[in-house]
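The next block holds one structure in the form of structure tokens; read it before the comments.
Since the structure is predicted, the reported quantities are computational estimates derived from the model, not experimental observations. Residue numbers start from 1 in every chain, and the chains themselves are labelled A, B, ... in the order their sequence lines are given, proteins ahead of strands.
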Amino acid sequence: MGSVPRDRWSSDFSRWFDWVIEEAEVYDYGRYPVKGMGVWRPYGFQIRRRILDIVRELHDSRGHEEVLFPLLIPEDLLRREAEHIKGFEGEVYWVTHGGVDPLDVKLALRPTSETNITYYENLWIKSYKQLPKKYYQIVSVFRYETKATRPMIRLREVTTFKEAHTVHDSFEDSERQVLEAIEIYRELFERLGIPYIISRRPEWDKFAGALYTIAFDTIMPDGKLLQIGTAHNLGQNFTKALDFKIQLADGTLEYPWQTSYGVSDRVVAALIAVHGDDRGLKLPPTIAPIQVVIIPIPGGSEEDKARVLRESRSIEEALKSSGVRVVVDEREDLRPGAKYYYWEARGVPVRIDVGLEEVETGMLTIARRDTLEKLKIPRGRLLEELRALFKDIEENLKEMAWNFARSMITRVDTIEEAEKWASEKKGLLEIPWCGREECARTVEEKLEVKTIGTPWPSEDAPRGKCPLCGAPAITIVRYAKTY
RNA sequence: GGGGCCGUAGUCUAGCCUGGCUAGGAUGCAGGGCUUGGGCCCCUGUGGUCCCGGGUUCAAAUCCCGGCGGCCCCA
């Protein structure tokens, strides 16, 4: 299984990624005349939409309500929470003019929506009886990135920001909500077959304005970590800043507690990256805009040609009426081999070849994209076999992705081992830690990595000593190169 | 934040150092022929603000300055 090479995929990931999003017509990046902005093309848009379908389902089924807030946030509102604006100040886009006239109050293109959503929660929510309240929206957010931008991974317009914002009548309930957020994201990534590592971000790298941040990261083919989801407990920071109080059961007034959690375009990027190979995309059948492609292989005579085409269309009809997303590639100017490469690049999970042989024997030739394995299936059992095959492909993609991710995690006890890791291996490094920022910063400098955080949930019995200061370890800590 | 490389047709690219002829090729696209079980072949055609602005020059894709954009490496 897994016979397609992954040389370019792993050793030249950046170029591979640029190539695949163009070849598969997912996302057009680098040609739009504004830095850090790209275009979702129809095929990519469908992939994105199917992912969002799952995102919506997971939120809706747990009592979240979808809303839509304005894009513009007035400066004074964005500045209300001091830590928040400190964290975002350097990367906010400002609208400063209306027509030719300067505006009295500058308007920010939202970098995130805690402030303006809290502003409305304050208007709408008066009592603990209305809580918990869970809103979410899926919108564009803007960040004036100063680092190098990358398609889908570091954008100035993040076009697919799902941000959830919740309100609670106690700290305990907000803690419970963080757990629910983590469960939602777990399930999302499970369904997409994207491996994930959950960490509590270090104090110095938490969301601006949060008490703490729990983050999901995945490991990209080049061994760098990509943050693909975060959940924040905001405590009362924003409700205090906006003077948002509710009445509790005992009649007292109190600032409610909040959480927020988000995922972005990066989920699509991760899906493409973790499942790809040197031929292109490999899409899980639930996400694939086209699940089955039928390639007619015409025989010599006009009559044979017609028979093959008739059979192809008849299979198409049968699958379509059972809800399978299927197309017949009837293009006459391409030979079958060229069509194989074409659809493989687009990640279509299953291909059916229909030639004279298939017409005459009633046995269909099926090729699966994940392994390129070919199977013979009697036409009469096609549908049930396909359903089983979809499931198998989905599980196989997930397993291959997890195997790769696991192979990129290394745990060591000494700084010598860590340095050895840094010189030859990529991925995630785990080391015992005393908990002091100073020691982590030293490791960051020595190994040229970033602190990812500590395991979530935390491990029971951390062993050993901090290899830097020798103090007893209170946890392990993770390091990696990141996007 | 610092350093480096780069920008020529939808895509990839030659030409740039050493300024000068109609900016050449591959791929794609359109038409025709031939073919069809892993990227066929042949013919014809199509497609260019040489990233943008300024400067030097008789003459700029080429040299200089600035901007915009992309990639890589280091903090």
Side-chain heavy-atom pair Trp94(A), Leu78(A) within 4.5 angstrom cut-off: yes

Geometric class of the Phe17(A)/Phe13(A) ring pair [parallel <30°, tilted 30-60°, perpendicular >60°]: tilted

Under-4.0 Å side-chain N/O to phosphate OP1/OP2 contact, Lys35(A) with G70(B): yes

Protein N or O to nucleotides 29-37 of chain B N or O, pairs below 3.5 Å:
{"from": "U35(B)", "atom 1": "O2'", "to": "Arg335(A)", "atom 2": "NH1", "distance (Å)": "2.8"}
{"from": "U36(B)", "atom 1": "O4", "to": "Lys305(A)", "atom 2": "NZ", "distance (Å)": "3.3"}
{"from": "G37(B)", "atom 1": "OP1", "to": "Arg335(A)", "atom 2": "NH2", "distance (Å)": "3.0"}
{"from": "G37(B)", "atom 1": "O6", "to": "Leu356(A)", "atom 2": "N", "distance (Å)": "3.4"}
{"from": "G37(B)", "atom 1": "O6", "to": "Glu357(A)", "atom 2": "N", "distance (Å)": "3.2"}
{"from": "G37(B)", "atom 1": "O6", "to": "Glu358(A)", "atom 2": "OE1", "distance (Å)": "3.0"}
{"from": "G37(B)", "atom 1": "N1", "to": "Glu358(A)", "atom 2": "OE1", "distance (Å)": "2.8"}
{"from": "G37(B)", "atom 1": "N1", "to": "Glu358(A)", "atom 2": "OE2", "distance (Å)": "3.0"}
{"from": "G37(B)", "atom 1": "N2", "to": "Glu358(A)", "atom 2": "OE2", "distance (Å)": "3.0"}

Touch class at under 4.0 angstrom, heavy-atom based, for Lys374(A) against every strand present: base

Residue Ala338(A), side-chain atoms from C-beta onward, closest of G38(B), G39(B), C71(B): G39(B)

Spacing of the C1' atoms in G70(B) and G32(B) (rounded, Å): 40 Å

Distance, rounded to the nearest Å, where Glu25(A) contributes CD and G28(B) contributes C1': 12 Å

Side-chain donor-acceptor pair present, Thr454(A), Trp433(A), cut-off under 3.5 Å: no

Spacing of the C1' atoms in A75(B) and C58(B) (rounded, Å): 49 Å

Thr414(A) side chain to Glu417(A) backbone, donor-acceptor under 3.5 Å: yes

Heavy-atom check, side chain of Ile214(A) versus side chain of Arg201(A), under 4.5 Å: no

Phe13(A) CZ - C71(B) P separation (whole Å): 13 Å

side-chain hydrogen bond (donor to acceptor under 3.5 Å, both in side chains) between Thr365(A) and Lys376(A), intermediate numbers included: CA-CA 5 Å; Thr365(A) 305; Lys376(A) 294 280 186 185; 2.9 Å; yes

Contact check, side chains of Thr112(A) and Arg143(A), non-hydrogen atoms, under 4.5 Å: yes

Nearest-angstrom distance, C1' atom, C17(B) to C74(B): 28 Å

Spacing of the C1' atoms in G38(B) and C29(B) (rounded, Å): 23 Å

Within the sub-3.5 Å range, which N or O atoms of nucleotides 6-12 of chain B have a protein N or O partner, and how far apart are they?
{"from": "G10(B)", "atom 1": "O3'", "to": "Arg31(A)", "atom 2": "NH1", "distance (Å)": "2.4"}
{"from": "G10(B)", "atom 1": "O2'", "to": "Arg31(A)", "atom 2": "NH1", "distance (Å)": "3.3"}
{"from": "U11(B)", "atom 1": "OP1", "to": "Arg31(A)", "atom 2": "NH1", "distance (Å)": "2.9"}

Euclidean distance for C1', C40(B) against G33(B) (whole angstrom): 13 Å

Listed once per pair and sorted, the ring pair (Phe, Tyr, Trp, His ring centres under 6.0 Å) pairs that draw on residues 72-91 of chain A, sequence neighbours left out: His84(A)-Phe88(A), His84(A)-Phe207(A), His84(A)-Phe238(A), Phe88(A)-Phe207(A)

Comparing Arg150(A) and Tyr32(A) on RNA chain B - which has the more 5′ nearest nucleotide: Tyr32(A)

Can you give the donor-acceptor pairs under 3.5 Å from side chains of residues 274-297 of chain A to other protein atoms, not counting sequence neighbours?
{"from": "His275(A)", "atom 1": "NE2", "to": "Leu192(A)", "atom 2": "O", "distance (Å)": "2.9"}
{"from": "Asp277(A)", "atom 1": "OD1", "to": "Arg279(A)", "atom 2": "N", "distance (Å)": "2.8"}
{"from": "Asp277(A)", "atom 1": "OD1", "to": "Gly280(A)", "atom 2": "N", "distance (Å)": "3.3"}
{"from": "Asp277(A)", "atom 1": "OD1", "to": "Arg369(A)", "atom 2": "NH2", "distance (Å)": "2.8"}
{"from": "Asp277(A)", "atom 1": "OD2", "to": "Arg369(A)", "atom 2": "NH1", "distance (Å)": "3.0"}
{"from": "Asp278(A)", "atom 1": "OD1", "to": "Asp7(A)", "atom 2": "N", "distance (Å)": "3.4"}
{"from": "Asp278(A)", "atom 1": "OD1", "to": "Arg8(A)", "atom 2": "N", "distance (Å)": "3.1"}
{"from": "Asp278(A)", "atom 1": "OD1", "to": "Trp9(A)", "atom 2": "N", "distance (Å)": "3.0"}
{"from": "Asp278(A)", "atom 1": "OD2", "to": "Asp7(A)", "atom 2": "N", "distance (Å)": "2.9"}
{"from": "Asp278(A)", "atom 1": "OD2", "to": "Arg8(A)", "atom 2": "N", "distance (Å)": "3.2"}
{"from": "Arg279(A)", "atom 1": "NH1", "to": "Glu344(A)", "atom 2": "OE1", "distance (Å)": "3.0"}
{"from": "Thr286(A)", "atom 1": "OG1", "to": "Glu394(A)", "atom 2": "OE2", "distance (Å)": "3.0"}
{"from": "Gln291(A)", "atom 1": "OE1", "to": "Arg325(A)", "atom 2": "N", "distance (Å)": "2.8"}
{"from": "Gln291(A)", "atom 1": "NE2", "to": "Pro285(A)", "atom 2": "O", "distance (Å)": "3.0"}

Phosphate contact (G1(B) OP1 or OP2) by Thr146(A) side-chain N/O below 4.0 Å: yes

Atom pair distance, as rounded to whole Å: OH in Tyr342(A) and P in C40(B): 15 Å

Separation of atom CG in Leu155(A) from atom P in G69(B), rounded to whole Å: 14 Å

5' priority, RNA chain B, between Glu344(A) and Ala148(A) [closest heavy atom]: Glu344(A)

RNA chain B: stems of at least 3 consecutive Watson-Crick or G-U pairs whose donor-acceptor distances fall under 3.5 Å: B:1-7 with B:68-74, B:10-13 with B:24-27, B:28-33 with B:41-46, B:51-55 with B:63-67

Cation-aromatic face contact Arg154(A)/Tyr483(A), 6.0 Å, 45 degrees: no

For Tyr93(A), side chain to side chain contact (heavy atoms under 4.5 Å, CB included) partners two or more places apart: Met37(A), Leu109(A), Phe142(A), Tyr144(A), Arg156(A)

Phe17(A) CZ - C72(B) P separation (whole Å): 12 Å

Nearest-Å distance for atom pair CZ/C1', residues Arg369(A) and G38(B): 13 Å

Nearest-Å distance for atom pair NZ/P, residues Lys147(A) and G3(B): 18 Å

Pairwise side-chain contact, Gln227(A) with Asp217(A), heavy-atom cut-off 4.5 Å (strictly under): yes

C42(B) and G4(B), which share atom name P, separated by this distance in whole Å: 46 Å

Distance test, side-chain N/O of Arg154(A) to OP1/OP2 of G70(B), below 4.0 Å: no

C1' spacing across the pair C16(B) / C50(B), given as an integer number of angstrom: 11 Å

Nearest-0.5 Å distance, CZ of residue Arg387(A) to NZ of residue Lys391(A): 12.5 Å

Gap between atoms CD and P, on Glu145(A) and G69(B) respectively (whole Å): 14 Å

Touch class at under 4.0 angstrom, heavy-atom based, for Gly90(A) against every strand present: nothing

Nearest-angstrom distance, P atom, U13(B) to C72(B): 14 Å

